[in-house]
Undergrad: 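Have a look at the structure that comes next, please.
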Amino acid sequence: MPICIGASWDAIEKRVPEYMAAFLFMETLMIGVFAAQDLFLFYILFEAGLIPMYLIIGIWGGADRIYASYKFFLYTLLGSVLMLIAMLWIVNLTGTTSIPTLMEYNFPVQAQYLLWLAFFASFAVKMPMWPVHTWLPDAHVQAPTAGSPALLPRSQCLFRAAGVGPVAGGGGLYLAGRAGS
């Protein structure tokens, strides 16, 4: 991140303090995502990490930055709603939001498949996977040239978290194939 900030030092000329604060906020939220031990804290930090990306594209982006930032927002909102519905169902069933406790819970087999589909669909938007990937080219083309190198590591980390979530972290939460089911 410091290299990207240094590369954009002269390229960004308006609202520089806000630009730098957006990167700091984005990095802080990314650390929080990987440290979260609570389901809703993970959700809030994961979704809040999209706010700085939205602002960087919408404020410092290219000519079609407003279109790209709205498209980015709407696509990721759809994925967010699916994840939130699945999490609310999990909490309603188990009565807890503690991820370590949820890892030990034996969900009904049919529910495991539905939860996996909901999380997979949500993460597929953020990863992005075909056919819900069309926001990505617009977002990265319209991102500021100086900010794009900084957006890519953040978004790649987010995409990897989204890609690993249903399989490694979240998969152990609700998949039928785990030991003891």
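Both backbone and side-chain heavy atoms feed into the values below; hydrogens, waters and symmetry mates do not.
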Undergrad: For the hydrophobic clusters of this structure (ILVMFWY residues joined by side-chain heavy atoms under 4.5 Å, transitively), does one cluster hold both Y67 and L74?
TA: no
Undergrad: For residues M26 and G49, report the shortest heavy-atom separation together with the two atoms involved.
TA: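 Closest approach of M26 to G49, heavy atoms only: CG-O, 4.4 Å.
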Undergrad: For Y70, is the OH atom crowded, meaning more than 12 foreign heavy atoms sit under 6.0 Å from it?
TA: no
Undergrad: Taking V109 as the starting point, is it possible to reach L114 by hopping between hydrophobic residues whose side chains are less than 4.5 Å apart?
TA: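 Result: no, two separate clusters.
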Undergrad: Main chain of A118, side chain of S122: is a donor-acceptor contact present, judged purely on distance under 3.5 Å?
TA: no
Undergrad: Measuring only between side-chain heavy atoms, which start at C-beta, is M30 closer than 4.5 Å to F34?
TA: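 They are in side-chain contact.
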Undergrad: Please report the interatomic distance OG1(T101) to OH(Y105), rounded to the nearest 0.5 Å.
TA: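 The distance works out to 12.0 Å.
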Undergrad: Roughly how far, to the nearest 0.5 Å, is the CD atom of Q112 from the CG atom of N106?
TA: 7.5 Å
Undergrad: Using the side-chain contact (heavy atoms from CB on, under 4.5 Å) rule, pick out the option among L45, L24, L50, I44 that qualifies with L29.
TA: L45
Undergrad: What do you reckon, is OH of Y43 surrounded by more than 12 foreign heavy atoms closer than 6.0 Å?
TA: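 Enclosed.
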Undergrad: Would you compute the distance between atom CG of L55 and atom CZ of R15 and round it to the nearest 0.5 angstrom?
TA: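 If we round to the nearest 0.5 Å, L55:CG and R15:CZ are 8.5 Å apart.
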Undergrad: Please verify the inter-ring angle class for F46 with F42; under 30° counts as parallel, over 60° as perpendicular, anything in between as tilted.
TA: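 Rings of F46 and F42: parallel, as their planes differ by under 30°.
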Undergrad: With the side chain counted from C-beta on, respond yes when T94 and F107 share a heavy-atom pair under 4.5 Å apart, and no when they do not.
TA: yes
Undergrad: Which pair of heavy atoms, one from G58 and one from I66, lies closest together, and at what distance?
TA: O-CD1, 3.9 Å
Undergrad: Below 4.5 Å, heavy atoms only, C-beta onward: do D38 and I99 meet side chain to side chain?
TA: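 With C-beta onward as the side chain, the pair stays apart.
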Undergrad: Is there a path of hydrophobic side-chain contacts, each under 4.5 Å between heavy atoms of I/L/V/M/F/W/Y residues, joining F40 to I31?
TA: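 No, it is not one cluster - the side chains of I31 and F40 are not joined through contacts under 4.5 Å.
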Undergrad: L102 versus T96: any side-chain heavy-atom pair under 4.5 Å?
TA: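 Result yes, sub-4.5 Å side-chain heavy-atom pair found.
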Undergrad: Please examine the side chains of P100 and Q37, heavy atoms only from C-beta on, and report whether any two atoms are closer than 4.5 Å.
TA: yes
Undergrad: So which atom in I57 and which in A68 form the shortest heavy-atom distance, rounded to 0.1 Å?
TA: CG2-CB, 4.2 Å
Undergrad: Side-chain atoms of residues 77-88: list all donor-acceptor pairs with protein atoms under 3.5 Å, sequence neighbours left out, distances to 0.1 Å.
TA:
from, atom 1, to, atom 2, distance (Å)
S80, OG, E47, OE1, 2.4
S80, OG, E47, OE2, 3.3
S80, OG, T76, O, 2.7
S80, OG, K126, NZ, 3.1

Undergrad: To the nearest 0.5 Å, tell me how far Y54 OH sits from I59 CD1.
TA: 9.0 Å
